[in-house]
Structures are given as structure tokens and as C-alpha cells.
Amino acid sequence: MEATPLSTSPTTQETCNCESVCFVGSEATLPADVALDCQVEKIYYGDFLAVRDSYVPIHKNQITGFIGPSGCGKSTVLKSINRMNDLIRGFRFEGKVHFHGMDIYDKSVDPVSVRRNIGMVFQQPNPFALSIYENVAFGLRLNRFKGDMDEQVEKALRGAAIWDEVKNKLKNNGLSLSGGQQQRLCIARAIATEPRVLLMDEPCSALDPIATRQIEELMIQLKEKYTVAIVTHNMQQAVRVADQTAFFAVDISSGGRTGYLVEMAPTKELFENPQQKLTKEYLHGDFS
Amino acid sequence: MTDNHCTLPTLVRQPFERRAFISYVLSAITILAAVAACIPLFSVLVMLIYRGGRRLSLEIFYALPPTAFESGGGFGNAIVGTLFMVGIAAAISIPFGILAAIYLAELNPHSKAAQIARFSAKTMTGLPSILAGVFAYATVVLTLGHYSAWAGGVALSLLMLPVVLLTAEQAIIMVPRPMKEAAYGMGCTPAQTMIKVTLPVAMPGIITGVVLAVARAAGETAPLLFTSLFSDYWLQANEPTASLAVLIYNYSGMPFENQIELAWTASLVLVVLVFVLNIISRAIGQRKK
């Protein structure tokens with residue numbers, strides 16, 4: 001996949017004036033606190049233009065929330081960040097994702113090693129059909145972890161706030177846990193290898209309110225050590241957990257359904273003083 | 001609320017009311033059909049136990065077939081022959097079938113090669129088994145210049161391959177996609193995803209397919225008729241080889257009481273073998289839950 005040069009200006013499309021309002025202005029000074037810089041020009045599935053012109057810097061040790069109506073491409077952008085979309089037929093990415101001094105879409109980059117450094121938690125809890133212990137140890141074994149496996153597994157389970165619930169049944173199958181526990185197990189599995197960035201794709205959408213709350217509290221603890229990006233369908237959740245919020249919307253003007261970034265700002269700022277009319281309407285509940 | 005009983009429908013069961021009656025009759029027909037479907041299996045089983053059970057003894061498992069007017073004897077060589085040839089067939093078809101299934105299910109499901117392979121496998125499941133025999137005769141028997149257990153095994157493998165391939169493909173496809181995504185998300189290569197996550201989960205389904213294919217191959221006669229032929233002696237892989245199915249075919253047509261009795265007993269042994277394999281495959285299939 002050849003990334004086209006960034007000079008093709010996105011401002012030619014009149015619907016996107018995000019350039020003037022989002023973080024582009026501070027781009028030059030950013031890198032210090034930006035862990036990962038996601039610059040989407042175009043994302044295609046086959047001929048279908050799914051997302052365009054979305055520049056989303058992910059700040060270090062903060063939670064970046066992606067919100068927006070269904071089909072606005074927020075999940076697509078998130079999954080592009082660790083090249084999960086490569087698994088989908090016809091997926092094509094134009095743009096750059098700067099991470100650790102490299103563009104992860106560069107030809108020389110191995111998507112497998114990208115995914116080992118950028119962890120992912122999915123919408124549906126998806127533990128492996130293995131024991132709780134082996135689920136967490138999975139990534140460590142994959143990376144030929146040399147240290148004390150038991151210790152690292154315990155650390156990850158503690159980090160995911162599930163240790164006390166499972167410490168006496170580490171040999172039980174991961175699938176025997178409740179939905180909320182499974183999701184925390186998946187988080188433990190993802191953080192066991194200590195990735196720099198943790199991506200979460202609507203991690204609470206399959207969970208009840210109590211489990212959701214536990215996961216949210218967990219996310220806030222996690223940002224001390226990790227950089228987190230989360231897609232959520234729930235605006236209140238973004239308010240509760242996200243430091244930065246990116247609002248995506250769907251552009252149907254050209255006949256398709258193309259998602260794009262409307263506005264990105266620190267969460268408080270975005271919700272209290274949205275710069276875009278569309279953001280205001282969405283936050284106000286005029287459409288969803 | 002006024003009491004107006006006339007307009008209330010009656011809630012009491014009325015078995016002879018038209019709708020209820022039709023429902024009863026239709027239910028009864030389906031029960032009859034279900035029972036009727038069991039009749040062939042049970043009558044065969046009863047017949048086999050009645051006619052074949054009489055000669056069931058340890059002798060039949062270790063003795064060689066009797067000559068024309070001899071009494072006693074058994075078909076130990078045929079049991080060994082069947083197991084050996086099914087073993088060869090399994091050794092050929094299981095690795096090929098599973099590897100092909102991985103390609104069809106996971107690597108490139110929509111490629112031309114995959115579509116052709118899938119179509120061929122589906123056609124092969126309906127292949128008349130005698131044609132598998134003809135093919136093995138033409139390729140193995142004529143090339144080697146003699147009938148052999150190898151040729152029989154090759155013929156049986158042609159029948160097993162499509163069953164193994166198609167059931168393994170289904171089993172791999174059935175592994176939940178989120179689980180595979182989790183593996184990729186952890187940074188597994190496609191091979192690691194397959195070996196560490198997908199195959200272990202698909203294994204019960206794959207084993208079920210393998211056992212069913214083995215059961216089918218064990219009972220086949222036609223592919224062996226002109227590949228392994230028959231033999232009155234113990235297994236020698238490069239010589240004509242006895243098998244239960246061909247023994248039944250040969251002996252049931254003989255004019256000697258002893259041989260006919262042995263054919264019945266061999267049928268019983270074969271059915272029990274297939275039956276046990278089916279139960280095993282069921283047990284494995286249910287464990288996947």
C-alpha cells in the first residue's frame with residue numbers, strides 16, 4: 001500500500017473545515033506528547049470510500065475517545081491504527097500513521113509486529129478457549145517472554161482489576177467467566193505484553209451497567225501507564241473517561257456514506273464549546 | 001364488567017374440533033414416519049445378531065478362513081486387512097484433507113483454486129465407490145503389476161478425502177471470528193493463529209468428520225474388489241489382501257454352510273465396528289460444546 005503524499009489538500013472538500021479547528025495548529029509542537037499520530041486521507045473497502053480526511057493525534061497517557069453516529073468510520077479509523085483492517089478484503093489505506101518514529105503503513109513495516117506493540121480490546125469479549133492463565137500468558141509466549149511468567153500474568157490480571165476474582169481458578173476456562181469478567185480478562189491479555197498503545201473498540205457495548213462501570217474505572221487507571229484510544233457509542237462514556245474526544249460524522253453529500261472527522265478537542269472543551277454546528281447538533285441529540 | 005359468557009371463547013380442550021383434529025393426525029403421521037425410519041436399522045441389527053451371533057467366538061478373530069469343506073475357522077486376516085487398508089487411506093486423506101481445508105476456509109476462500117477444489121470435493125462425495133476402485137486399479141494395480149493392500153488403501157482414500165476436507169472446512173469456518181481477530185490483535189501471524197487458536201477450537205469438528213470418513217471407508221466393498229482382491233492368508237501388503245467387506249461379498253454367495261455363517265458373523269463385526277466409530281464421533285462432537 002503506497003501512502004500518497006500529504007500535500008493533497010483535504011480542504012478542497014468544503015464539508016471538512018476540521019483543519020481550522022482541530023489540532024493541526026499545534027502539529028509542529030506536538031510530537032512530545034503524541035504517542036501516535038493518525039493521519040487518514042482515505043480509507044477504502046473495495047470501491048467504497050469509508051473514511052476520508054481524519055487527522056487524529058493520540059496523546060500519550062491520555063484517553064482519546066472516538067464518538068459519532070453509526071457508520072461514521074470511528075471503528076474503521078481505530079482498527080487502522082494497528083492494521084487490523086488488513087484482514088478485511090479490499091481494505092485500502094491512504095495516509096500515514098506515525099508511531100515510534102515510523103509510518104506503520106510503510107512497506108517495510110510488518111503488520112504483525114505493529115499489532116504486538118499496539119494492543120486491542122474488541123467489542124465482544126473474545127477470550128481464547130484456554131484457561132484464564134493461558135489467555136493472559138498467550139501474548140507473552142508469543143513474544144518469547146523470558147521473565148517470571150506467573151508474576152507477569154498476575155501483574156496483568158491485577159492491572160485489569162480482575163485478579164481477586166480469578167486468582168483461585170486460574171486453570172478454569174476463560175469462557176466460563178461472566179461477560180464483564182471476560183472483557184477484563186481480554187484487557188489483561190492485551191496489557192500483559194505491555195503495549196505502548198491500547199485500542200478499545202466499544203469495549204462496553206456488550207456489558208451491563210455494573211461491568212461497564214468497572215471497565216471505565218479500569219480505563220482511567222490504565223492511562224497512567226498506557227495510551228488509550230476508545231471508540232464509544234455512548235457520549236456520556238466519552239465525558240466520563242476521555243481526555244480528548246474526536247467527533248466523526250457521515251457525509252452523504254456525494255451519494256456514498258463516507259465518515260470523516262468533524263472536530264477534535266479536549267473533551268471538556270468539545271462538549272462545552274463545540275466549534276462546529278454539526279458537533280453541537282449531535283451533542284444536543286438532534287441526530288444520532 | 002358485565003358477565004357476558006356467550007361472547008367468551010371456551011378455553012376447554014376440544015379434541016374433535018377441526019383444527020385440533022388435523023393437528024393430532026399430522027402429529028401422528030410424523031411419529032409413524034420417525035418410527036418407520038428406525039425399522040430398517042433395527043431389523044438389520046436383529047438379523048445380524050441372530051444369524052451372526054451364533055459363530056461369535058474368539059476363534060474368528062485369530063483363525064484364518066476355512067477351506068471349502070473344513071469346519072470352524074475365522075477371518076482374523078480380514079479384520080487386520082480392513083484395519084490396515086483403512087489406516088493407509090486415513091494416512092493419505094487426513095493430512096491432505098485438513099491442509100486443503102485450511103486453504104479453503106482461511107487462506108483464500110474465494111480464489112479460483114479454492115472454488116474448483118470445493119466443487120470437486122462436493123462432486124467426489126457423490127462418486128460411485130466402484131469408480132474409486134477403477135481409478136486405483138488403473139493407477140496403482142496396473143503400475144505395480146499386482147493387486148495389493150496399497151491399492152486398496154488408495155481406493156479408500158479417494159472416498160475419505162472429500163468427507164474429511166468438507167467437514168474440516170466447515171469446522172474451521174465455524175470457529176468464531178472474534179476469536180481469530182483476538183489472535184491477530186495479539187500479533188499472531190496467520191500460521192500462529194491457525195495452530196494456536198483456530199485448529200484447537202475446530203478439532204472436535206474435524207475429528208468427527210475423520211471418524212465418519214473412516215467408518216464409511218471400513219464398510220466399502222466395491223473399491224476393494226479389484227484393488228486388494230481377497231486372500232486366505234495373513235496380511236502381506238504387496239499381495240492381495242483380505243477385508244471384511246469383500247469377505248462378506250465372497251462368502252455370502254458360496255454354497256457352503258460354514259462360509260455363509262462366517263459371512264453373517266463378519267457382517268456383525270463390521271456393523272459393530274462402524275457403530276462404535278459413530279458413537280465415538282458423536283461423543284467427540286458433543287464435547288465441543
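Naming convention: chains lettered A, B, ... in sequence-line order (proteins, then strands); numbering from 1 in each chain. Heavy-atom basis, side chains included; hydrogens, waters and symmetry copies ignored.
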- Residue-level interface, residues 133-146 of chain A with chain B, non-hydrogen cut-off under 4.5 Å: A/F138, A/G139, A/L142
- Query: Given the options A/Q124, A/R189, A/K79, which has more heavy-atom pairs under 4.5 Å with chain B than any of the others?
  - Reply: A/R189
- Restricting to pairs with a member in residues 89-106 of chain B, which pass side chain to side chain donor-acceptor pair (under 3.5 Å), not counting sequence neighbours? B/Y103-B/S111, B/E106-B/K180
- Query: Are B/H110 and A/R89 close enough, and set up right, to give a side chain to side chain contact (heavy atoms under 4.5 Å, CB included), and what steps lead you there?
  - Reply: CA-CA 10 Å; B/H110 305 288; A/R89 275 164 68 83; 3.7 Å; yes
Can you give each donor-acceptor pair under 3.5 Å made by side-chain atoms of residues 185-192 of chain B, sequence neighbours left out, with the distance rounded to 0.1 Å?
from: B/T189; atom 1: OG1; to: B/Q192; atom 2: N; distance (Å): 3.2
from: B/T189; atom 1: OG1; to: B/Q192; atom 2: OE1; distance (Å): 3.3
from: B/Q192; atom 1: OE1; to: A/R116; atom 2: NH2; distance (Å): 3.2
from: B/Q192; atom 1: OE1; to: B/T189; atom 2: N; distance (Å): 2.9

- Item | Whether over 12 other heavy atoms sit under 6.0 Å from A/K169 NZ | yes
- Query: Taking all non-hydrogen atoms of both residues, which atom of B/M179 and which atom of A/N126 are closest, and how far apart?
  - Reply: N-CB, 4.3 Å
- Item | Exceeds 12 heavy-atom contacts within 6.0 angstrom, atom CE of B/M174 | no
- Message: Counting only heavy atoms from other residues, nucleotides and ligands, does the tally under 6.0 Å from CZ of A/F48 exceed 12?
- Response: yes
- Contact residues of residues 192-212 of chain A (partner chain B; heavy-atom separation under 4.5 angstrom): none
- Message: Is A/L175 in contact with chain B via its backbone, its side chain, both, or neither, using a 4.5 Å heavy-atom distance?
- Response: side chain
- Message: Atom CG of residue position A/D47 - does it have more than 12 heavy atoms of other residues, nucleotides or ligands inside 6.0 Å?
- Response: no
- Taking all non-hydrogen atoms of both residues, which atom of B/A182 and which atom of A/F122 are closest, and how far apart? CA-CE1, 3.8 Å
- Query: Got more than 12 heavy atoms from elsewhere within 6.0 Å of CZ, B/F96?
  - Reply: no
